[in-house]
Chemist: 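One structure is given below, represented as structure tokens, and several questions about it will come after.
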Amino acid sequence: MTAAFRIIPLDYSPFAPLFDLDATALAQRGAVRVTADEDFGFPCRVSLDDAKAGDELLLLPFTHHAADSPYRASGPIFVRRGARLSTLAAGEVPPSVTRRLMSLRAYDAAGMMQSASVVDGQEVADTLTALFSDPRIDYVHLHHAKPGCYSCRAVRA
């Protein structure tokens with residue numbers, strides 16, 4: 001059976017120059033530099049993995065749903081310095097998702113939400129497969145359910 005979905009991380013290139021900015025310039029963009037103080041709790045949206053203690057990250061606002069709809073949205077994300085783009089196989093769910101309670105928001109091609117659910121990270125693959133069985137669903141945004149911040153995007157495989 002062919003996997004129904006592929007999870008897409010963010011591209012690192014728009015964030016790379018921000019690491020060269022000082023605290024004042026970052027603050028003008030609503031961003032801050034942070035150092036992970038533990039191996040869990042700082043999920044990078046490029047690598048789709050948690051940063052390790054001591055890793056440098058930026059915590060910054062990000063427009064994750066730029067749709068011309070009432071569901072247009074932005075929120076805080078972490079990006080780790082030098083993060084490498086996570087390349088996931090169709091149907092693969094990264095540990096930064098499977099280890100957390102996740103909120104899934106399914107949208108049609110016009111950016112209108114058609115479905116939403118909160119599931120244990122271990123249930124994300126099955127939930128995405130079910131969501132993409134609905135022909136109205138064009139893409140799904142995954143959010144960390146407790147803090148509500150954007151994690152990644154899933155598209156039909």
Side-chain angles (χ1 to χ4, degrees), residues 5-113 116-122 124-125 127-128 138-157:
F5 66 90
R6 179 177 300 276
I7 291 181
I8 309 296
L10 296 179
D11 179 25
Y12 181 72
S13 59
F15 304 107
L18 300 177
F19 283 93
D20 294 329
L21 300 178
D22 64 19
T24 301
L26 286 172
Q28 291 170 345
R29 291 167 173 77
V32 296
R33 189 177 320 276
V34 298
T35 301
D37 57 6
E38 56 184 310
D39 290 346
F40 183 80
F42 299 87
C44 175
R45 296 346 188 258
V46 174
S47 66
L48 297 181
D49 198 5
D50 282 281
K52 302 295 182 207
D55 285 350
E56 178 187 348
L57 304 99
L58 295 178
L59 175 59
L60 67 157
F62 178 73
T63 301
H64 56 82
H65 198 231
D68 187 17
S69 85
Y71 293 99
R72 181 178 183 86
S74 65
I77 61 168
F78 285 111
V79 175
R80 183 173 44 199
R81 180 187 280 276
R84 294 183 186 249
L85 186 66
S86 179
T87 304
L88 302 170
E92 183 180 358
V93 180
S96 66
V97 169
T98 60
R99 293 190 294 237
R100 290 177 166 85
L101 184 65
M102 300 298 294
S103 168
L104 282 68
R105 302 170 190 174
Y107 300 93
D108 63 18
M112 295 297 290
M113 190 182 302
S117 57
V118 174
V119 300
D120 181 271
Q122 295 293 321
V124 165
T127 304
L128 286 171
D138 191 55
Y139 57 95
V140 178
H141 280 188
L142 286 75
H143 294 255
H144 300 166
K146 289 184 180 182
C149 28
Y150 175 79
S151 173
C152 53
R153 174 182 172 118
V155 297
R156 197 176 300 278

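If you read the sequence from its start, that first residue is 1, and numbering goes on from there.
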Chemist: I'd like to know if the side chain of D138 reaches the main chain of Y107, judged simply by a donor and an acceptor atom lying under 3.5 Å from each other, with no hydrogens or angles considered.
Modeler: no
Chemist: Within the 4.5 Å heavy-atom criterion, are Y12 and R80 side-chain neighbours or not?
Modeler: no
Chemist: So which heavy atom on G30 is nearest to which on P61, and how close?
Modeler: O-CD, 3.2 Å
Chemist: Can a donor-acceptor pair be found, under 3.5 Å and without considering hydrogens, that links the side chain of H143 to the backbone of G148?
Modeler: yes
Chemist: Taking the side chain as C-beta and beyond, is there a heavy-atom pair between Y71 and R105 under 4.5 Å?
Modeler: no
Chemist: Considering non-hydrogen atoms only, spot the tightest contact between A36 and K52 and give its length.
Modeler: CB-O, 3.4 Å
Chemist: In sequence, state the C-alpha distance, the side-chain angles, and the governing distance for M102 and V118, and then conclude on side chain to side chain contact (heavy atoms under 4.5 Å, CB included).
Modeler: CA-CA 6 Å; M102 300 298 294; V118 174; over 6 Å; no
Chemist: Side-chain contact test, heavy atoms from C-beta onward, threshold under 4.5 Å: evaluate it for T98 versus V124 and give yes or no.
Modeler: no
Chemist: Out of D39, D49, D120, which one pairs with R99 under the salt bridge (Lys or Arg N to Asp or Glu O under 4.0 Å) rule?
Modeler: D49
Chemist: Between F62 and L10, is any pair of side-chain heavy atoms under 4.5 Å apart?
Modeler: yes
Chemist: I need the minimum non-hydrogen distance between F5 and E92, along with the two atoms involved.
Modeler: CE1-O, 4.0 Å
Chemist: Under the side-chain hydrogen bond (donor to acceptor under 3.5 Å, both in side chains) rule, collect the residues that match up with S96, sequence neighbours excluded.
Modeler: none
Chemist: For P43, is there any backbone N or O sitting under 3.5 Å from a side-chain donor or acceptor partner on R45?
Modeler: yes
Chemist: Measure the shortest side-chain to side-chain distance between L60 and I77 over non-hydrogen atoms and say whether it is less than 4.5 angstrom.
Modeler: yes
Chemist: Check side-chain hydrogen bond (donor to acceptor under 3.5 Å, both in side chains) between S86 and all other residues, then give those that pass, not counting sequence neighbours.
Modeler: none
Chemist: Before giving the answer on side chain to side chain contact (heavy atoms under 4.5 Å, CB included), spell out for V93 and Q122 the whole-Å C-alpha distance, their side-chain angles and the decisive distance to 0.1 Å.
Modeler: CA-CA 9 Å; V93 180; Q122 295 293 321; over 6 Å; no
Chemist: Kindly determine whether L48 and V97 satisfy side chain to side chain contact (heavy atoms under 4.5 Å, CB included), including the steps that lead there.
Modeler: CA-CA 8 Å; L48 297 181; V97 169; 5.9 Å; no
Chemist: About how many Å separate OG of S151 and NE2 of H141, when rounded to the nearest 0.5 Å?
Modeler: 10.5 Å
Chemist: Is any side-chain heavy atom of P9 closer than 4.5 Å to one of L85?
Modeler: yes
Chemist: Which heavy atom of A145 sits nearest to which heavy atom of S103, and what is that distance?
Modeler: CB-N, 3.9 Å
Chemist: Tell me whether the rings of H64 and Y150 are parallel (<30°), tilted (30 to 60°) or perpendicular (>60°).
Modeler: parallel
Chemist: Which atoms form the tightest heavy-atom contact between L142 and V140, and what is the distance?
Modeler: CD1-O, 3.9 Å
Chemist: Can you see which heavy atom on A53 is nearest to which on D37, and at what distance?
Modeler: CB-C, 4.0 Å
Chemist: Enumerate donor-acceptor pairs with a distance under 3.5 Å from any side-chain N or O in residues 13-23 to protein atoms, sequence neighbours excluded.
Modeler:
residue	atom	partner	partner atom	Å
S13	OG	D11	OD2	2.6
D22	OD1	T24	N	3.2
D22	OD1	A25	N	2.8

